[in-house]
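One structure is given here, and the rest of the page talks about it.
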Amino acid sequence: MTEGFANQAIQAVLNSQQAYCKFLSANDSGATGGHQSGILVSKSAKDMMFSQELENENILKRTVDIQWQNDIWTESSFTYYSSKNELRITKFGRSFPFLNPEQTGALFVLTRQTADQYSAFFLETEDDIEQFLSAFGIGPTETNHMIDTSAVLPERQERIAIQEFIDTLTVDFPLSDVMSAAARDIQNRVYNHLEYIRTNPDRKIIEWTNTEYALFRAIEHARYGDRISRGFATVDEFITMANMVLNRRKSRAGKSLEHHLSAIFDGNDIQYTAQAVTEGNKKPDFLFPSQAAYHNAAFPTDKLISLAAKTTCKDRWRQVINEADRLRGLPKYLCTLQQGISPAQMDEMQAENVILVVPRPYIASYPADRRDRIWTVTKFVDYVREVESL
């Protein structure tokens, strides 16, 4: 009954005037068998429970309406016990189904929607708890406090911008380059850090990729959510739908990194040819400064650079070795979002003169004694700029 309420709780917090969360203790849930009454609330939440100052009265009470799990309404009490200097939520009614010993450790979320109306949730599964805490950047040790929603306002704006884009679509799914461009536009408008294209391309690549993934999943939900919730009449029908979804995901992911790298290069005024054709109709993802320069025998070979873009590269990295015969013996660069590969594979890459280009935050996932071989996106951009200026 209490599983799957993370999204509703997140939305309730975002729409609220104030919000608070804590993990239920044994006293809260009744697991200790003690005589404590109600849910103990931190004094940090006093302003969302009482408008007046908490003075040294014996007991101060306030009656409010609370909607629990978007389902059950109670006329409950906010109670201040001056003798104990503590706040509690009390008066749930005898048929209240939620507070019981099994809920010890559940995450309790309380939101103030209007002056006298509140909503509350109990998140019991690890997935729900992690999803909720992640949405607001809260660590497990940072609960039992008010929730600062200002830190997640851009995320809310991003979701709104994503929905606005979906509403304008005239096709089921846009082409991959349109999808990537839309993700960049949404991310740039919401977070307003265009300068990162030049000053921190490592961060920009990750941000654009994350937004595109969120956009793609939102479109998937809009297109298939109702169909999936209705279920399938046969296994074949299910497999057909699953294969269609998975194939589209793979196709999009394969091109996403290329599109975002192109935007980085464009934003840094770097000359390049994407999907250039070399010997034998081979097609490296990027040639710098151009395909024409590559095929111009008079153009200095040491000023030519090839870059492959592969979201993952544990197995397919060898494909980049022979993509440009003219550059045999020179470094081949491979940009990836792969988070870590084995030392043996890194040694193979070094032997083949392949240099990994990885967003800076992901380098920490690689073997520590081999990280100095990896280039950041920033380092690669600076290197190409330098070569083009020679």
Side-chain angles (χ1 to χ4, degrees), residues 1-6 8-13 15-52 54 57-126 128-133 136 138-149:
M1 176 169 55
T2 55
E3 187 174 345
F5 281 94
Q8 294 94 316
I10 290 168
Q11 196 59 48
V13 172
N15 293 333
S16 71
Q17 298 175 357
Q18 294 167 298
Y20 164 88
C21 70
K22 66 166 286 185
F23 286 104
L24 289 180
S25 69
N27 277 338
D28 295 321
S29 66
T32 62
H35 298 290
Q36 298 285 3
S37 175
I39 301 172
L40 180 66
V41 177
S42 164
K43 290 287 292 294
S44 68
K46 65 181 180 62
D47 289 341
M48 74 176 288
M49 298 174 70
F50 291 96
S51 58
Q52 69 266 50
L54 301 181
E57 301 179 22
N58 185 25
I59 296 178
L60 179 65
K61 285 184 177 289
R62 178 180 171 227
T63 300
V64 297
D65 293 324
I66 304 178
Q67 184 181 25
W68 304 86
Q69 308 289 69
N70 286 339
D71 183 21
I72 296 174
W73 285 90
T74 63
E75 191 176 76
S76 297
S77 291
F78 290 159
T79 305
Y80 172 63
Y81 298 92
S82 60
S83 60
K84 302 176 183 178
N85 192 27
E86 67 181 29
L87 294 166
R88 286 187 177 272
I89 305 174
T90 60
K91 192 180 174 186
F92 306 110
R94 290 186 178 180
S95 61
F96 190 68
F98 300 118
L99 275 182
N100 55 68
E102 287 73 28
Q103 286 185 295
T104 302
L107 187 67
F108 169 64
V109 180
L110 178 69
T111 76
R112 182 179 188 176
Q113 299 296 320
T114 66
D116 296 313
Q117 288 193 347
Y118 294 73
S119 65
F121 299 85
F122 298 103
L123 305 182
E124 296 188 56
T125 69
E126 289 184 5
D128 269 6
I129 291 170
E130 289 176 1
Q131 182 180 347
F132 181 87
L133 295 180
F136 298 101
I138 301 171
T141 62
E142 299 172 315
T143 59
N144 204 20
H145 291 285
M146 298 290 288
I147 298 171
D148 179 11
T149 58

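Keep in mind it's a predicted model, so treat the numbers as computed, not measured.
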Cation-pi check, Lys84 to Tyr81: give yes when NZ or CZ is under 6.0 Å from the six-membered ring centre and within 45° of the ring axis, no otherwise. yes

Heavy-atom side-chain proximity of Val64 to Met49 below 4.5 angstrom: no

List for me each residue that meets side-chain contact (heavy atoms from CB on, under 4.5 Å) alongside Thr63, sequence neighbours excluded, and say none if there are none. Glu75, Ser77

Just by distance, do the side chain of Asp128 and the backbone of Glu124 share a donor-acceptor pair under 3.5 Å? no

Give the intermediate values and the outcome of side chain to side chain contact (heavy atoms under 4.5 Å, CB included) for residues Ile66 and Trp73. CA-CA 6 Å; Ile66 304 178; Trp73 285 90; 5.9 Å; no

Min side-chain heavy-atom separation Ile39-Leu99 under 4.5 Å: yes

Just wondering, do Thr79 and Ile89 contact through their side chains at under 4.5 Å, heavy atoms? no

Those residues at least two apart in sequence (or on a different chain) that pass side-chain contact (heavy atoms from CB on, under 4.5 Å) with Gln17 are Arg112

Run the side chain to side chain donor-acceptor pair (under 3.5 Å) test against Lys91 and tell me which residues pass, sequence neighbours left out. none

Output all residues satisfying ring-ring contact (aromatic ring centres under 6.0 Å, His included) with Tyr118, sequence neighbours left out; order by chain, then residue number. Phe78

Are any of the side-chain heavy atoms of Leu110 and Gln18 separated by less than 4.5 Å? no

Please determine whether side chain to side chain contact (heavy atoms under 4.5 Å, CB included) holds for the pair Leu107 and Leu133, giving the CA-CA distance in whole Å, both sets of side-chain angles, and the decisive distance to 0.1 Å. CA-CA 10 Å; Leu107 187 67; Leu133 295 180; 4.0 Å; yes

Under the side-chain contact (heavy atoms from CB on, under 4.5 Å) test, which residues partner Ala12, sequence neighbours left out? Thr111, Gln113, Ser119, Phe121

Under a 3.5 Å distance rule, please check whether Arg88 uses its side chain to pair with a backbone N or O of Gly38 as donor and acceptor. yes

Examine distances only and state if a side-chain atom of Lys22 and a backbone atom of Leu40 form a donor-acceptor pair shorter than 3.5 Å. yes

Assess whether side chain to side chain contact (heavy atoms under 4.5 Å, CB included) is satisfied between Lys43 and Leu87, documenting all intermediate values. CA-CA 7 Å; Lys43 290 287 292 294; Leu87 294 166; 4.2 Å; yes

Are the side chains of Phe5 and Leu123 in contact, using a 4.5 Å heavy-atom criterion? yes

Ile147 and Phe132: side chain to side chain contact (heavy atoms under 4.5 Å, CB included), yes or no, with the steps? CA-CA 11 Å; Ile147 298 171; Phe132 181 87; 3.8 Å; yes

Is the shortest heavy-atom distance from the side chain of Phe108 to the side chain of Asp28 under 4.5 Å? no

List the residues meeting side-chain contact (heavy atoms from CB on, under 4.5 Å) with Ser44, not counting sequence neighbours, and say none if there are none. Tyr20, Ser42, His145, Met146

